Asker: 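Please read through the structure below; I'll follow up with questions.
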2 protein chains.
Amino acid sequence: MLLCIFTANACMDLPFDPDQCQPGLSVDCVIFGFHENDLKVLLLKLLQGNEWALPGGFVFLDENLDRAAIRVLHERTGLEKIFLQQFHAFGQVERSPVTHAARLVQEHSLHPGLQSWFEQRFITIGYYALVEYSQVEKPQPDYFSETCAWFPVRGLPHLMLDHQAIIERALQTVRFQLKYQPIGLNLLPEKFTMPELQALYETLLDQKLDRRNFQRKMLSYDVLIRTGEFRQGGAHKAPVLYAFDPVNYEQALRNGFRSVW
Amino acid sequence: MLLCIFTANACMDLPFDPDQCQPGLSVDCVIFGFHENDLKVLLLKLLQGNEWALPGGFVFLDENLDRAAIRVLHERTGLEKIFLQQFHAFGQVERSPVTHAARLVQEHSLHPGLQSWFEQRFITIGYYALVEYSQVEKPQPDYFSETCAWFPVRGLPHLMLDHQAIIERALQTVRFQLKYQPIGLNLLPEKFTMPELQALYETLLDQKLDRRNFQRKMLSYDVLIRTGEFRQGGAHKAPVLYAFDPVNYEQALRNGFRSVW
DNA sequence: ATATCTATGTGTCATAATGACACAATAATA
DNA sequence: TATTATTGTGTCATTATGACACATAGATAT
């Protein structure tokens, strides 16, 4: 009975009109969050099967590419004005096997007319987002998924299609940018301690850093402001709370930390 | 008369079958060359109108995205095994106005059935290539263009659609990568002098560099080999000829020149 | 109360990288 | 043979980096 209701519903209330979408094109978002000294990625569990997937969606014909990514991010996390950056277009032929499409149509009891839509070859544009974990109140699954949850990047579940590779590449991009551009404004709360910032770097780089040299370097970049407050309640000496200087941070984002020439 | 022949021809011998191409998707290549101490870009002059365009093409349904870019590059330059890198997906709605499509169909006297193909909204994936100018014997125009020529990046003609912006972004990407990764292997001849290498850097950065510090830094990267030969025939002291060390160069490409951490 | 433990804040030193510059060597030309 | 312009190499002060030591302050144990 339940299945019947679902079936009827599914055939009628598709959350998008394929005729209004750019054919063969999708966007996928690798949404990174930082929690308990661990880098997490937001994933969706598909309704059927035991696979997880990146939050993604199609691009409306009258919608800019970036806008589509922003929409997906907003629909899943409720967040707006987030650091979101395109990092790669994935266009291997093998990445959209017909078998996958057929399963989708069957399992969702979609109108057979939609089969051709899902059987298309898809190119996907990868975006990565850096969000503040605690600000994502209740991640929302989409039409094709039942749950939405954070996973540590070092312990990902089985992923749909080439989504594992997409995450790898996003991580690689973040790691590279970390070396030359500031990071943290979108991953950390407004006020944070130097050890917390260092933990973020160590997690992303997967490498221990010297506490004292790290602080010296970060301060030399001139993007941090000492708030004058301290994080109380810890088991030890109360560390200084810092905040990012928005102007200098933006400037460092544009120009990079230090030109070699 | 000529028009008639052309018309008939055009309707029959389209160089691609739209049904075999990924809809609404193209690749565009920003092909950089270095000649007479100037950075050049390879452009195509459209058959009608006074506009120029980047070499580009459509993506066959059974063709990987990267492969399509390689094909375009090969068709225009005859070159293979070239440094070619995807750098951005351009997906603004306004970038493919219908007026442009209509003009294309009309001017090429294409079969009206093709009008819908060209009226689609297109997303294009931008690639940039670094090629050795002298190795491009005779650049070949494509089906929609009459000539193919190099232009200095500081003196570009009027360009189709958003191709100006695409070049800007490619240039920006190259400039950024220049700071952290080796460059030159694909832009310079096999053997080159230090002043020639410096000229490449100065052109790309649009900035004068100190001769002595430049040499010290380049040598410190350990990607250059002294061939032991000299460039003879110049008006002055014969400069040493260098070549790139393929192994170290590749490694530097992967890892970047110098990790900050 | 006092000692202890541990994370945090700050400083020092040797080494390496960088920026600014000077002088010697050499090939063509006058 | 002198001149000129370009290339090759070196020096020095300044700055950045890596490795490390010690002082400080909250919480807990005695």
Side-chain angles (χ1 to χ4, degrees), chain A residues 36-37 178-182 184 188-189 191-203 205 207-243 248 252 255-261, chain B residues 36-37 178-182 184 188-189 191-203 205 207-243 248 252 255-261:
Chain A
E36 290 175 345
N37 282 356
L178 179 63
K179 294 180 182 177
Y180 312 111
Q181 293 182 345
L188 296 172
K191 294 172 185 177
F192 52 90
T193 68
M194 193 62 80
E196 285 164 4
L197 183 60
Q198 183 176 341
L200 170 61
Y201 274 75
E202 290 182 341
T203 302
L205 292 169
Q207 175 186 175
K208 272 282 168 196
L209 300 173
D210 183 279
R211 206 165 51 83
R212 297 151 290 192
N213 294 338
F214 177 81
Q215 164 149 325
R216 179 178 54 193
K217 185 180 268 290
M218 284 309 303
L219 290 178
S220 79
Y221 289 152
D222 207 32
V223 295
L224 294 181
I225 297 173
R226 258 183 106 112
T227 62
E229 299 168 61
F230 299 83
R231 162 121 33 243
Q232 305 290 350
H236 303 286
K237 181 173 181 176
V240 175
L241 281 170
Y242 291 90
N248 289 4
N255 305 338
F257 271 143
R258 205 168 57 87
S259 235
V260 183
W261 270 295
Chain B
E36 289 175 346
N37 282 358
L178 179 64
K179 293 181 182 177
Y180 312 110
Q181 292 182 348
L188 296 171
K191 295 171 184 178
F192 52 90
T193 68
M194 193 62 78
E196 285 164 4
L197 183 60
Q198 184 176 342
L200 170 62
Y201 273 75
E202 290 182 340
T203 303
L205 292 170
Q207 175 186 174
K208 273 282 168 197
L209 300 173
D210 183 279
R211 205 165 54 81
R212 298 152 288 192
N213 294 340
F214 177 81
Q215 164 148 325
R216 180 178 55 193
K217 185 180 269 290
M218 283 309 304
L219 290 178
S220 79
Y221 289 152
D222 206 30
V223 294
L224 294 181
I225 296 173
R226 259 184 105 113
T227 62
E229 299 167 61
F230 299 84
R231 162 120 34 240
Q232 304 290 350
H236 303 286
K237 179 172 180 177
V240 175
L241 281 170
Y242 291 90
N248 289 4
N255 305 339
F257 270 144
R258 205 169 57 87
S259 237
V260 183
W261 270 297

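Everything numeric here is computed off the predicted structure, so don't read it as measured data. Sequence lines set the chain letters: A, B, ... in the order given, protein chains first and strands last, and positions in each chain run from 1.
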Asker: Find every protein N or O atom lying less than 3.5 Å from an N or O atom of nucleotides 28-30 of chain D, and list the pairs.
Answerer:
none

Asker: Calculate the interatomic distance between F214(B) atom CZ and dT7(D) atom P; express it in whole Å.
Answerer: 12 Å
Asker: Specify whether F257(B) and Y221(B) have parallel, tilted or perpendicular ring planes, treating 30° as the upper limit for parallel and 60° as the lower limit for perpendicular.
Answerer: parallel
Asker: Any non-hydrogen side-chain atom of Y242(B) less than 4.5 Å from a side-chain atom of T193(B)?
Answerer: no
Asker: For L224(B) and dG8(D), give me the distance from atom CG to atom C1', rounded to whole Å.
Answerer: 15 Å
Asker: Rounded to whole angstrom units, what separation is found between the CG atom of L209(B) and the P atom of dA20(C)?
Answerer: 11 Å
Asker: Hey, can you tell me if Y180(B) and Y180(A) have their rings parallel, tilted or perpendicular (30° and 60° cut-offs)?
Answerer: parallel
Asker: Hey, could you give me the CG/CD1 distance between L241(B) and I225(B), rounded to the nearest 0.5 Å?
Answerer: 13.0 Å
Asker: For nucleotides 8-12 of chain C, give me every protein contact, N/O to N/O, under 3.5 Å, one pair per line with atom names.
Answerer:
residue	atom	partner	partner atom	Å
dG9(C)	OP1	V240(A)	N	2.6
dG9(C)	O4'	K237(A)	NZ	3.3
dG9(C)	N7	R211(A)	NH1	2.9
dG9(C)	O6	R211(A)	NH2	2.9

Asker: Is any side-chain heavy atom of R226(B) closer than 4.5 Å to one of L224(B)?
Answerer: no
Asker: Which heavy atom of Q198(A) sits nearest a heavy atom of D210(A), and at what distance?
Answerer: NE2-C, 4.1 Å
Asker: Nearest 0.5 Å, please: how far is OH in Y201(B) from CD in Q207(B)?
Answerer: 13.0 Å
Asker: Nearest 0.5 Å, what's the NZ-CD distance between K191(A) and E229(A)?
Answerer: 3.5 Å
Asker: Using whole Å, what does the distance between atom P of nucleotide dT18(C) and atom CZ of F257(B) come to?
Answerer: 11 Å
Asker: Rounded to whole Å, please give me the gap between CZ in F192(B) and C1' in dT7(D).
Answerer: 16 Å
Asker: Find which nucleotide of DNA chain C each of Q232(B) and S220(B) is nearest to by heavy atoms, and output the residue with the more 5' nucleotide.
Answerer: S220(B)
